[in-house]
Q: 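Handing you a structure now.
The chains referred to below are lettered A, B, ... by the order of the sequence lines, with proteins before strands, and numbering in each begins at 1.
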2 protein chains.
Amino acid sequence: MSTIWSRTSGRRSGGCKLDNGTAMMHAGLCSMNRIYLDHAATTPILPEVCKAMMPHLSDEYGNPSSLHAQGRRARETVEVARDIISVFIEANPGEIIFTGGGSESNNLAIKGTAFSLRGRGNHIITTAVEHHSVIESCRFLESLGFDVTYIGVDSAGMVDPDEVGRAITRKTILVSVIHGNNEIGTIQPVAEIARIARGYGVPVHTDAVQTFGHIPLSVDDLGIDLLSATAHKLYGPKGTGLLYIRSGTAIEPLIHGGGQETHFRAGTHNVAGITGFGRAVEMASGMMDEESERIARLRDSLIERILCNVGGVINGHEHRGLPGIISLTIPGIDADALVIALDRMGIACSSGAACMSSNFEPSHVLTAIGRSREEAKSTIRLSLGRDTNHGEIERASDALVAIVPKLRKFAP
Amino acid sequence: MSTIWSRTSGRRSGGCKLDNGTAMMHAGLCSMNRIYLDHAATTPILPEVCKAMMPHLSDEYGNPSSLHAQGRRARETVEVARDIISVFIEANPGEIIFTGGGSESNNLAIKGTAFSLRGRGNHIITTAVEHHSVIESCRFLESLGFDVTYIGVDSAGMVDPDEVGRAITRKTILVSVIHGNNEIGTIQPVAEIARIARGYGVPVHTDAVQTFGHIPLSVDDLGIDLLSATAHKLYGPKGTGLLYIRSGTAIEPLIHGGGQETHFRAGTHNVAGITGFGRAVEMASGMMDEESERIARLRDSLIERILCNVGGVINGHEHRGLPGIISLTIPGIDADALVIALDRMGIACSSGAACMSSNFEPSHVLTAIGRSREEAKSTIRLSLGRDTNHGEIERASDALVAIVPKLRKFAP
């Protein structure tokens with residue numbers, strides 16, 4: 001199994017369907033309708049989701065913690081969303097804790113476990129390709145005296161489960177491994193890692209922010225104890241996430257206070273956001289398999305066109321990749337300049353994880369898979385979604401064909 | 001200055017405007033239009049706020065951290081809200097950090113200071129009448145080895161600033177005092193406390209969740225370093241709060257991760273929620289003074305009617321109270337039973353802080369002001385707001401007149 005989608009140079013020049021002239025003509029059309037290829041940063045909100053939220057942004061404003069009728073109705077709405085989501089990942093409703101987003105969920109999982117189990121040990125295992133909310137939570141714990149092992153990955157971004165097993169000590173209290181990577185799309189062997197870790201009695205967390213609602217997920221099949229997700233990556237609203245906490249898992253709250261969420265997370269429920277999350281999951285569950293296949297086909301078509309007409313290297317795993325994510329390195333091109341140029345041509349994409357777009361450091365994920373600093377800074381992410389269609393793929397490819405040679409001229 | 005609104009028994013029986021018959025007739029009307037007297041738990045969302053949020057729940061779905069046009073527009077929207085709010089409390093825009101709500105803000109302020117300044121000391125001063133998100137944050141820090149002093153209050157719920165001064169030691173790293181109490185409405189002398197604490201170089205936090213947007217607030221007049229607020233207590237959406245962090249204040253993030261909010265709070269911005277928060281503040285700033293006076297008049301009218309026709313004792317400070325909050329103890333009556341009975345008559349109110357409504361412990365605020373456990377469990381909170389009118393006050397009073405004698409019959 002090849003670990004990256006690298007193509008031969010022969011493929012790059014042979015059989016190309018477009019020339020630069022056609023490409024520029026197509027690209028000119030982009031200003032009319034923008035093409036959104038940044039679904040890994042955030043997704044459009046479905047009209048059905050917005051509609052479900054509306055009552056809770058107008059007449060149905062009760063606080064779910066209140067005893068009276070308005071409060072009870074709000075509570076019922078929250079519980080309906082919890083039920084929908086618990087069925088979706090084959091959990092019990094009481095194991096779903098609503099949070100303010102994926103970063104909060106990751107912080108809660110990692111620090112919550114660390115503070116809860118600090119009497120048992122101070123060692124945490126994670127990987128070199130985690131989301132910043134996982135890495136920075138670990139760095140914070142290191143400043144408090146915890147030890148963290150960051151497991152490396154191969155050139156496709158894959159963690160070796162056996163390496164996780166070898167890192168486990170008697171002091172290990174948590175293994176945290178991202179499910180699907182937000183930059184390169186690689187899907188980790190979480191079930192295998194969990195089987196090994198839990199064999200040693202070590203709880204396992206997975207950050208499923210990018211996979212939740214995009215590929216099938218069962219907390220029992222994965223065998224994990226904690227799982228993070230967020231609504232805005234699956235066509236729901238920003239500001240609402242969840243942490244699955246397997247029944248019996250010891251965890252200290254991140255936000256202490258009132259008794260909401262069975263004392264795991266204080267704060268007045270974001271009723272509208274939670275309702276929208278539930279509706280988004282309901283929508284996903286009805287179309288996920290079909291959509292994932294359709295999006296993967298579009299992804300492959302776009303990769304084919306890029307490699308054929310533009311060149312470059314695709315990062316990530318050839319077979320275990322998220323359907324919608326393309327990580328493209330075009331040596332010699334400044335990624336930010338390319339993102340801005342594409343934006344002017346009506347195409348939205350990203351030069352890395354959105355949350356670090358103002359950061360000047362090269363991506364830790366790309367350097368972890370062996371890209372140089374220069375290559376990492378020459379990498380863009382195109383992420384496809386439910387609204388992406390074949391015409392957009394053609395136009396995006398044409399835009400790249402038109403702009404990359406121009407940017408190459410300015411390359412140092 | 002009398003410390004509570006207790007009236008003489010003579011006042012109770014003399015000059016009453018209503019008899020039980022009229023009261024019940026009025027109360028019967030309640031089923032037609034519900035009366036919401038639980039504004040301290042949460043407020044209705046203004047149509048203007050909902051309207052401002054709408055674009056960000058539909059077409060304007062960009063992630064503010066993205067470089068492209070959708071992202072930049074979203075970022076601009078967030079910054080407009082930040083500007084509006086910073087002007088409102090006389091802060092600099094860069095001192096406003098958006099969070100997922102008031103509880104998160106309080107946790108960030110307290111734990112963030114504790115973890116940041118733990119090299120300097122391990123002593124925190126707070127009061128006996130704080131919100132649970134402050135108290136439980138302190139309890140958590142105690143479990144990590146921090147020392148916390150809980151300053152008591154007088155029978156009106158007031159903290160003595162000198163007592164705070166006397167509690168300060170060389171190890172004190174934070175003073176946290178609630179601005180306006182959520183249960184009894186008492187407004188603390190935060191400016192005086194801050195002057196004393198900062199004289200010793202100790203940073204000061206105030207939980208202004210109940211006062212923000214209801215009474216004038218200037219971070220410089222108060223002289224505090226940290227201030228918590230949330231949108232849903234001032235006719236904005238649930239799930240969005242803020243922490244004011246005075247420039248130069250040392251604070252460790254609560255949610256670590258991406259670089260959002262100048263590294264103070266990671267996580268994708270809740271653009272719709274933040275936009276709604278800004279619009280709610282804009283609406284408040286135009287009407288706050290007038291509305292506070294109007295609501296205080298309604299509050300006084302309801303208190304007068306209650307004391308005259310129902311009896312009981314009003315908790316809180318007679319002169320330094322929030323305009324909209326009435327805490328009423330009716331000895332011998334079970335508060336939950338009264339809340340449920342009023343709910344059936346179409347009136348929404350509360351038997352304590354909403355976030356603890358499923359808790360069987362008596363309110364720590366009420367016991368701190370000297371109420372017995374039994375009195376605390378015989379106390380309801382009626383909280384008025386912008387939609388409250390004189391007719392509702394009459395009907396609420398009538399409902400109490402009708403129902404309290406019935407409940408008294410069942411009292412042990």
Q: Of the listed residues (L254(A), L342(A), V339(A)), which shares the most heavy-atom pairs with chain B below a 4.5 Å separation?
A: L254(A)
Q: Is the shortest heavy-atom distance from the side chain of S351(A) to the side chain of L67(B) under 4.5 Å?
A: yes
Q: Counting heavy-atom pairs closer than 4.5 Å to chain A, which one of H68(B), R265(B), E136(B) comes out on top?
A: H68(B)
Q: If only side-chain N and O atoms count, and only distance matters, is there a donor-acceptor pair under 3.5 Å linking H256(B) with K111(A)?
A: yes
Q: In terms of heavy-atom proximity below 4.5 Å to chain A, should A348(B) be classed as side chain, backbone, both, or neither?
A: both
Q: Between CG of L144(B) and CG of L144(A), what distance do you get to the nearest 0.5 Å?
A: 8.0 Å
Q: Working to the nearest 0.5 Å, report the span between CG of L46(B) and OG of S58(A).
A: 12.0 Å
Q: I need the minimum non-hydrogen distance between K238(A) and G62(B), along with the two atoms involved.
A: CE-O, 3.4 Å
Q: Suppose we screen for side-chain hydrogen bond (donor to acceptor under 3.5 Å, both in side chains). Which residues come up paired with D387(B), at least two apart in sequence or across chains?
A: H39(B)
Q: With a 3.5 Å distance limit and no angle check, can you tell me whether N63(B) reaches the backbone of T42(A) through a side-chain donor-acceptor pair?
A: no
Q: Among G100(A), A69(A), G267(A), which residue has the highest count of heavy-atom pairs closer than 4.5 Å to chain B?
A: A69(A)
Q: Heavy-atom distance under 4.5 Å to chain A: side chain of N270(B), backbone, both or neither?
A: both
Q: What part of C138(A) lies closer than 4.5 angstrom to a heavy atom of chain B: side chain, backbone, both or neither?
A: neither
Q: Using the test salt bridge (Lys or Arg N to Asp or Glu O under 4.0 Å), find all partners of E48(A) that sit at least two apart in sequence or belong to another chain.
A: none
Q: What part of T43(B) gets within 4.5 angstrom of chain A, counting heavy atoms only: side chain, backbone, both, or neither?
A: backbone
Q: Heavy atoms only, distances under 4.5 angstrom: which of H56(A), M53(A), R118(A) has the most pairs with chain B? Name it, please.
A: R118(A)
Q: Taking all atoms of both residues into account, what is the closest heavy-atom pair of C50(A) and M54(B), and its distance?
A: SG-SD, 4.3 Å
Q: Show the nearest heavy-atom pair for residues P237(A) and L57(B), with the distance to one decimal.
A: CB-CD2, 4.4 Å
Q: Students often mix this up, so state it plainly: with edges at 30° and 60°, are the rings of F115(A) and F115(B) parallel, tilted or perpendicular?
A: parallel
Q: Here's a test for you: under side-chain contact (heavy atoms from CB on, under 4.5 Å), which of S103(B), S137(B), S133(B) qualifies with I255(A)?
A: S103(B)
Q: Let me know if E252(B) has heavy atoms under 4.5 Å from chain A in its side chain, its backbone, both or neither.
A: side chain
Q: Roughly how far apart are S65(B) OG and D38(A) CG, rounded to 0.5 Å?
A: 10.5 Å
Q: Could you grab the distance from atom NE2 of H232(B) to atom OH of Y61(A), nearest 0.5 Å is fine?
A: 14.0 Å
Q: Under a 4.5 Å cut-off applied to non-hydrogen side-chain atoms, are R72(B) and D343(A) in contact?
A: yes
